[in-house]
Amino acid sequence: MNLVFDGHNDVLLRLWRGRHAGSDPVVEFSEGAREGHIDGPRARAGGLTGGLCAIYIPSMKEFALQEAGPDGHYNTPMEAPLQRGSSLDIALDMAAIALRLDRAGAWRLCRSTGEIRNAMRDGVFAAVLHMEGCEAIDAELVALEVFHAAGLRSLGPVWSRHNIFGHGVPFAYPMSPDTGPGLTDVGFDLVRACNRLGIVIDLAHITEKGFWDVAKTSDQPLVASHSNAHALTPVARNLTDRQLDAIRERRGLVGLNYAVTMLRPDARDNPDTPLSDMVRHIDYLVERMGIDCVALGSDFDGATIPAAIGDASGNQMLVDALSNAGYDDDALAKICRENWLRIFASAWHE
Ligand SMILES: [Zn+2]
């Protein structure tokens, strides 16, 4: 089995919601859940040895894609910016769940590539704390230092909405990612602070202007943890050829998003999506950037994924499809885990 370190999941959101409904996150993760995509047993079954686990602040109303028109087009209205106070409460809640799972031995919260490799060797899920949209962080970046001390090693300045650091892209098809302004002044401060502290800056969800603002400011490889090729699926969340070329030049990485809306040529939210759509995006990314810059970023527990994979236990279906498409062991090792570990070693100043 090809062990996978995955670049994006929302399992903390699911566990946080479950806790509010009365379930124990430690029990739900260790013993398994009927719902969602990731827990310990299903991760082991699918060779999912670890991943970037997102602290993500949901909006007050349930997110839903806009219904497509007769031409298949849609443009989901952007959500309103969130309040900082309530966002911080939720972010602390999710970080506490991550720490509790670590203390209970349900997973290991990793802060270095050595810790990730040890967890992988020991067969314990290697969780790395990520923040998807920094609504919980203040302009003075005080909370950033505290979250870093709690294990935060990766963040995206914005999700698909606006905040004090910058602007996100909407869920829209077809649409260019150049949908608005980029980083704000404090957004530039955030990027420099991440460089200093050793926190990966994730370019998923940011506008194209924001992407170039980070590119000209950050000294890290450029990373989009869960995005695909705009040339194949022209949603605003996917990356244009120019962006992919910049990621290649900076020896960065793109993690393949399993979200069907970002894989299918028609961008529809339809789980009946063949594995060949995933292989096609991987082929395109590898052709454009080389094998060292392509990885996985499933979006487990955060999106509709192909029924052929189903949940974390089906993760090897993609690996097998890639193997059948001609990727050898060396290439698969890079896509499945080694490229992510190379990025971490660089961004974390190892
Ligand atoms: Zn996302």
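In this text, all values refer to a predicted model and were calculated from it rather than measured experimentally.
- Applying the side chain to side chain donor-acceptor pair (under 3.5 Å) test to residues at least two apart or on different chains, the pairs with a partner in residues 40-49 are Asp39-Arg42, Arg42-Asp311.
- Distance check, rounded to the nearest 0.5 Å: CZ of Arg196 to NE2 of His148 gives 11.0 Å.
- Residues satisfying the side chain to side chain donor-acceptor pair (under 3.5 Å) criterion with Asn228, sequence neighbours excluded, are absent altogether.
- Between the side chains of His230 and Glu208, no donor-acceptor pair is found at a separation under 3.5 Å.
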List the atom pairs, donor and acceptor, that lie under 3.5 Å between side-chain atoms in residues 76-85 and the rest of the protein, sequence neighbours left out.
residue: Thr76; atom: OG1; partner: Gln66; partner atom: N; Å: 3.0
residue: Thr76; atom: OG1; partner: Phe171; partner atom: O; Å: 3.0
residue: Glu79; atom: OE1; partner: Ser59; partner atom: OG; Å: 2.9
residue: Glu79; atom: OE1; partner: Arg161; partner atom: NH1; Å: 3.2
residue: Glu79; atom: OE2; partner: Ser59; partner atom: OG; Å: 3.2
residue: Arg84; atom: NE; partner: Ala136; partner atom: O; Å: 3.3
residue: Arg84; atom: NH2; partner: Ala136; partner atom: O; Å: 3.3

### Message
Between Gln243 and Leu203, is the side chain to side chain contact (heavy atoms under 4.5 Å, CB included) condition met? List the steps.
### Response
CA-CA 10 Å; Gln243 290 176 301; Leu203 296 160; over 6 Å; no
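- In summary, Arg248 and Asp245 engage in a salt bridge, as defined by a charged side-chain N under 4.0 Å from a carboxylate O.
- Residue Leu332 holds its CG atom at 12.0 Å from CD of Glu338, rounded to the nearest 0.5 Å.
- Looking at Leu322, Val294, Leu318, Ile335 one by one, the single match for side-chain contact (heavy atoms from CB on, under 4.5 Å) with Leu256 turns out to be Leu318.
- At a cut-off of 3.5 Å, with distance as the only test, no side-chain donor of Ser154 or Asp202 sits close to an acceptor on the other residue.
- At distances below 3.5 Å, at least one donor-acceptor pair connects side-chain atoms of Glu115 with backbone N or O atoms of Arg111.
- Thr233 is linked by a side chain to side chain donor-acceptor pair (under 3.5 Å) to His281, counting only residues two or more places apart in sequence or in another chain.
- The distance from the CG atom of Asn315 to the NE2 atom of His37 is 11.5 Å, given to the nearest 0.5 Å.
- Between the Glu350 side chain and the Thr113 main chain, a donor and an acceptor come within less than 3.5 Å of each other.
- A side-chain donor-acceptor contact under 3.5 Å links Gln220 to the backbone of Ile201.
- With hydrogens and angles disregarded, a donor-acceptor distance shorter than 3.5 Å links the side chain of His349 to the backbone of Asn195.
- In this structure, CD1 in Ile57 is found 5.0 Å from OG in Ser87, a value given to the nearest 0.5 Å.
- For Cys336, the side-chain contact (heavy atoms from CB on, under 4.5 Å) partners at least two apart in sequence or on another chain are Asn2, Val4, Val319.
- Thr184 contributes a side-chain N or O that, together with a main-chain N or O of Ile164, makes up a donor-acceptor pair within less than 3.5 Å.
- Residues satisfying the side chain to side chain donor-acceptor pair (under 3.5 Å) test with Trp348, not counting sequence neighbours, are none.
- No continuous path of ILVMFWY side-chain contacts below 4.5 Å connects Leu341 to Leu129, so the two sit in separate hydrophobic clusters.
- Without hydrogens or angle criteria, Thr179 side chain to Ser176 main chain gives no donor-acceptor distance under 3.5 Å.
- Nearest approach of Gly302 to Asp10, heavy atoms of both residues: CA-OD2, 3.3 Å.
- Every residue two or more places apart in sequence or in another chain was checked for a side chain to side chain donor-acceptor pair (under 3.5 Å) with Ser276, and none qualifies.
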### Task
For the pair Arg237 and Ser227, evaluate side chain to side chain contact (heavy atoms under 4.5 Å, CB included) and give the outcome as yes or no after the intermediate values.
CA-CA 7 Å; Arg237 270 280 284 110; Ser227 296; 2.9 Å; yes
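- Judged purely by atom type and a 3.5 angstrom limit, Tyr258 has no side-chain atom pairing as donor or acceptor with the backbone of Leu263.
- Residues Leu52 and Tyr56 do not share a hydrophobic cluster, defined by chaining ILVMFWY side chains whose heavy atoms lie under 4.5 Å apart.
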#### Entry: side chain to side chain contact (heavy atoms under 4.5 Å, CB included) evaluation trace for Ser160 with Phe63
CA-CA 11 Å; Ser160 285; Phe63 174 79; over 6 Å; no
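- Scored by the side-chain contact (heavy atoms from CB on, under 4.5 Å) test, Ala104 finds Val26 as partners (sequence neighbours excluded).
- In this structure Asp283 satisfies the salt bridge (Lys or Arg N to Asp or Glu O under 4.0 Å) test with no other residue, sequence neighbours excluded.
- Residues forming a ring-ring contact (aromatic ring centres under 6.0 Å, His included) with His162 (at least two apart in sequence, or on another chain): His167.
- Note that OG of Ser346 is 9.0 Å distant from CZ of Arg251, once rounded to the nearest 0.5 Å.
- The backbone N or O of Cys110 lies less than 3.5 Å from no partner atom in the side chain of Arg153, so there is not a single donor-acceptor pair.
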For residues 89-98, which side-chain donor-acceptor pairs fall under 3.5 Å, sequence neighbours excluded?
residue: Asp93; atom: OD1; partner: Arg19; partner atom: NH2; Å: 3.3
residue: Asp93; atom: OD2; partner: Trp16; partner atom: NE1; Å: 3.0
residue: Asp93; atom: OD2; partner: Arg19; partner atom: NH2; Å: 3.0

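- Rounded to the nearest 0.5 Å, atoms CG (Leu285) and CG (Leu232) are 8.0 Å apart.
- Here the side chain of Thr217 pairs no donor or acceptor atom with the backbone of Phe188 at under 3.5 angstrom.
- When hydrophobic clusters are built by joining Ile, Leu, Val, Met, Phe, Trp and Tyr residues whose side-chain heavy atoms come closer than 4.5 Å, directly or via intermediates, Ile55 is grouped together with Leu99.
- Phe5 and Leu155 are assigned to two separate hydrophobic clusters, defined by single-linkage of ILVMFWY side chains at heavy-atom distances under 4.5 Å.
- Side-chain heavy atoms closer than 4.5 Å link hydrophobic residues (I, L, V, M, F, W, Y) into clusters, and following such links, possibly through other members, connects Phe211 to Met289.
- Contacts classified as side chain to side chain donor-acceptor pair (under 3.5 Å) and involving residues 95-108 (residues at least two apart or in different chains) are given here: Arg108-Asp122.
- Listed for the Arg14 side chain is a donor-acceptor partner under 3.5 Å among the backbone atoms of Ile38.
- Closest heavy-atom contact between Pro157 and Asn163: O-ND2, 2.9 Å.
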